[in-house]
Amino acid sequence: MIEHSFPVLGQQIPVYVPTTVDDFRAFQRYITGRANAGERVAFDTETTGLDTFSPGFRIRTAQFGTPDQAWVLQVEKGEDLQRLASWALRTLPELSMQNRNFDSLACDRHLPDIMLEALAPKTLDTYILSHLSDPRRRDQGGVGNGLKDASAHYVDPSAPDTAAGLYDEFHEIGHTKDTGWRHIDINNPLYLSYAGGDVILTSRLLPKLQARVKELGINPSLIPFEHAVGFVCALIERRGMRIDRGYTTQLSAELADESARWAEEAKKYGVENINSTRQVSAALLGMGEEIKERTAGGAVQVDGNVLKRLADVDKQWDPIGSRTPNPLAMAILRSKRASKWRTSYAEAMLRTADENDRVHPKIGALAARTARMSISDPPFQQLPSGKWEVRHAIRADDGCRMISVDYSSVEPRVMAALSGDERMTAAILRGDDLHNLTAASVYGPGFTPGQRKVAKVVQLGVAYGGGAATIAAQTGLSLSAAQDAVKGYKRTYPRLARYIRSLQAQVIRDGYTLRTPSGRRLVFDRDAAYASFNGEIQSTARDIFAQGLLEIHERGLTPHVLLPVHDEIVADATDSQAHEVAREIGEAMTMSLRGIPLGTDPDVGGHSWGSLYMKEATTMIANDSWYAAHPDAAEAAEKARA
DNA sequence: TATGTCAGCCAC
DNA sequence: AAACGTGGCTGACATA
């Protein structure tokens, strides 16, 4: 038996690496012993990288451990060791993992006879417990929810940094921190010791976190709730969604061409690199433009807003006609947008797609400090929604149509429910348009469309904890007019205004923490108690969405789901079933919060995700020569119109 | 080379 | 008195 060790609290904990038949028997005795005792065992893997669904991905080692020992199976050595790992996973009645979905998906795909469905019910995730205890990232002042940070805080401040030490070893073999995981010798002592260390730490961390969650009075039912939500998200991630590789490749090439053409244009004005804000601002100032805006760091600001003003276009890039457009500003805008769309979206899809042209974006089911979800690799929560070209790369499965179901204005409804504001509640129950009501109350019954827009901006501003100054900046109103609008809004919904004030006071009294209606603990920065109302709304809306997702799962609809997007479920179903499935998903998501109904808008599109975004755009761009070069897109637009 | 910060831009 | 929230990601630039 090869034996290494890992230091915890001044003790050297043994890390066993079985290599002979006798060693394997010893491992089996360890596992059956724990199984018979009903003891929870920590599990972890070391892999070639984080790209679980890429063709070259492999599991290198599988580790099992308890507080006083760890076992590292070198599964990449062969099928025998793979089967041994699978056997142990099936035999153990209770497991713990740090970030369960990553390892579970890796095992589901790369170990024999291991399915997500079998692992999930018996696994506790230390990440989930850590997030429930303190939802902040480290850079937000929290403990940090990674294994390293959480262990340093709850288990042993002097535990070695597993990654940092290994990076030196990676460099010695001529690799980097990204490529080293794939190439480090499977017998490297440090690698094996750290692999074992991770499960030792996980098993020691779990009871500490359980105690912490209890001590803080966090709603204990959130623990099974988050495990269930995470499991459904893992199922969605495993399925992934199909891209049209031909279309995406062509789109990427065209975006590259467009970006290059406008970069050439910018060169005429002395901007060699359109991404250099220094060059851009210098050139614009050199052309005689006045730019008053400054960045937080004090530099001349040349962001989208400034460039659009100089290019004399509005938010939708439509000409305003108020001045002579600055051609450099327009060239920078166009070149940057094309390159962002290409690198962040089109190329990211091509890079991450598996051998069947499916992308599996990583779903962080419990991510933000408010518990909202995040999606990365690629970032599918933030594809352009004003135009359809990028989303058109995503296709429903063969014979299927895309479905989108979102909650109808969920955040205002949550605002009304939490504050108990009678006027807002009554308006919602009557089905009135809130912004019309606000505008009528603030400006009188003869309010203009522009005043309704102001009412809408104020509503969002209040929800975000913003003030009159930001509202003035967004609407073009004078500061005093914006102040009047905010005052009018608060007069219209007096109970809401009072609720926001008292919530902030309470948050400060409670050490900048807040308990949401679901019993979740939120923590705020000491200079940002004003953000507490937004935090409570956002977090509550997320929990409603997560509850909706569980109801979708209960009704057997998860196989249709492609992606969760904050308040929207993207799904697909066969042509004949699509409308019925959309209706069922909408019904599953529908619920009420303190008497306020939370309804949904089911929508059925064509064969691409983009088709759901074509309806308005179609008429605007139907004559674009783009269509002539893209029969595929023309066909999709045709279907969208139908 | 790797990492951190700033600036910017995409979404809800 | 006022305070616009939550993310992922790329590229430039400075630094170790």
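Below, chain A is the first sequence line, B the second, and so on; all start at residue 1. Below, each value reflects all heavy atoms present in this structure, side chains not excepted, and no hydrogens, waters or symmetry copies.
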Integer-rounded Å distance: [N] [atom2] and [X] [atom1]:
X         : N      : atom1 : atom2 : result
Asn534(A) : dA3(C) : CG    : C1'   : 13 Å
Arg372(A) : dG8(C) : CZ    : C1'   : 13 Å
Ile508(A) : dA2(C) : CD1   : P     : 15 Å
Gln504(A) : dA2(C) : CD    : P     : 13 Å
Glu411(A) : dT6(C) : CD    : P     : 12 Å
His131(A) : dT6(C) : NE2   : P     : 12 Å
Asp139(A) : dC6(B) : CG    : P     : 12 Å

Exercise for the section: Decide yes or no, distance alone: a donor-acceptor N/O pair under 3.5 angstrom between the base of dG8(C) and the side-chain of Gln382(A). Expected result: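 By the distance-only test, yes, there is a pair.
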Practice task
Go through the N and O atoms of the side chain of Arg337(A) and the base of dC9(B), and report whether any donor-acceptor pair is under 3.5 Å.
Solution key: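 No.
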[X] vs [N]: side-chain N/O to OP1/OP2 distance below 4.0 Å:
X         : N      : value
Thr295(A) : dA7(B) : yes
Arg369(A) : dG7(C) : no
Ser376(A) : dG7(C) : no

Practice task
State which residues pass side chain to side chain contact (heavy atoms under 4.5 Å, CB included) with Arg491(A); sequence neighbours excluded, sorted by chain then number.
Solution key: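 Listed in chain order: Lys487(A).
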Short question: side chain of [X], backbone of [Y] - any donor-acceptor pair under 3.5 Å?
X         : Y         : value
Lys362(A) : Leu50(A)  : yes
Asp543(A) : Ser518(A) : no
Asp244(A) : Tyr247(A) : yes

Across the strands shown, which category fits [X] at heavy-atom distances under 4.0 angstrom: base, sugar-phosphate, nothing?
X         : result
Ile471(A) : nothing
Ala367(A) : nothing
Leu383(A) : sugar-phosphate
Asp527(A) : nothing

Practice task
Quick one: list whatever passes side chain to side chain donor-acceptor pair (under 3.5 Å) with Asp572(A), sequence neighbours left out.
Solution key: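 By the side chain to side chain donor-acceptor pair (under 3.5 Å) rule, Asp572(A) matches Arg239(A).
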Handout entry: Tyr530(A) aromatic ring stacked with six-membered ring of dA3(C), 5.5 Å and 30°
Key =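 It does not: the two rings, one from Tyr530(A) and one from dA3(C), miss the stacking criterion.
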Close N or O pairs between protein and nucleotides 10-16 of chain C (under 3.5 Å):
| residue | atom | partner | partner atom | Å |
| --- | --- | --- | --- | --- |
| dA12(C) | OP1 | Asn273(A) | OD1 | 3.3 |
| dA12(C) | OP1 | Asn273(A) | ND2 | 2.5 |
| dC13(C) | OP1 | Ser276(A) | OG | 3.1 |
| dC13(C) | O3' | Arg278(A) | NH2 | 3.0 |

Could you list the protein-to-nucleotides 1-3 of chain B atom pairs, N/O on both sides, closer than 3.5 Å?
none

Handout entry: Strand-adjacent residues in residues 300-309 of chain A, judged by heavy atoms under 4.0 Å from DNA chain B
Key =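 Output list: Gln301(A), Val302(A), Asp303(A), Gly304(A).
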Practice task
Determine the interplanar angle of the His392(A) and Trp388(A) rings, folded into 0 to 90°, and report it as parallel if under 30°, tilted if 30 to 60°, perpendicular if over 60°.
Solution key: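 Ring orientation, 0 to 90° scale: perpendicular.
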Practice task
Output yes when Glu226(A) and Arg100(A) qualify as a salt bridge under the 4.0 Å nitrogen-oxygen rule, no when they do not.
Solution key: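 Salt bridge flag = no for Arg100(A) with Glu226(A).
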Practice task
In sequence, state the C-alpha distance, the side-chain angles, and the governing distance for Phe57(A) and Phe53(A), and then conclude on ring pair (Phe, Tyr, Trp, His ring centres under 6.0 Å).
Solution key: CA-CA 7 Å; Phe57(A) 179 91; Phe53(A) 295 90; 8.3 Å; no
Exercise for the section: Could you note down all residue pairs passing salt bridge (Lys or Arg N to Asp or Glu O under 4.0 Å) where residues 331-346 of chain A supplies at least one of them, sequence neighbours left out? Expected result: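 Listed once each, the pairs are Arg342(A)-Glu347(A).
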Practice task
Identify which nucleotide among dA7(B), dG8(C), dG7(C) has an atom closest to any side-chain atom of Ala368(A), counting heavy atoms from C-beta outward.
Solution key: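 Nearest to the side chain of Ala368(A) among the choices is dG7(C).
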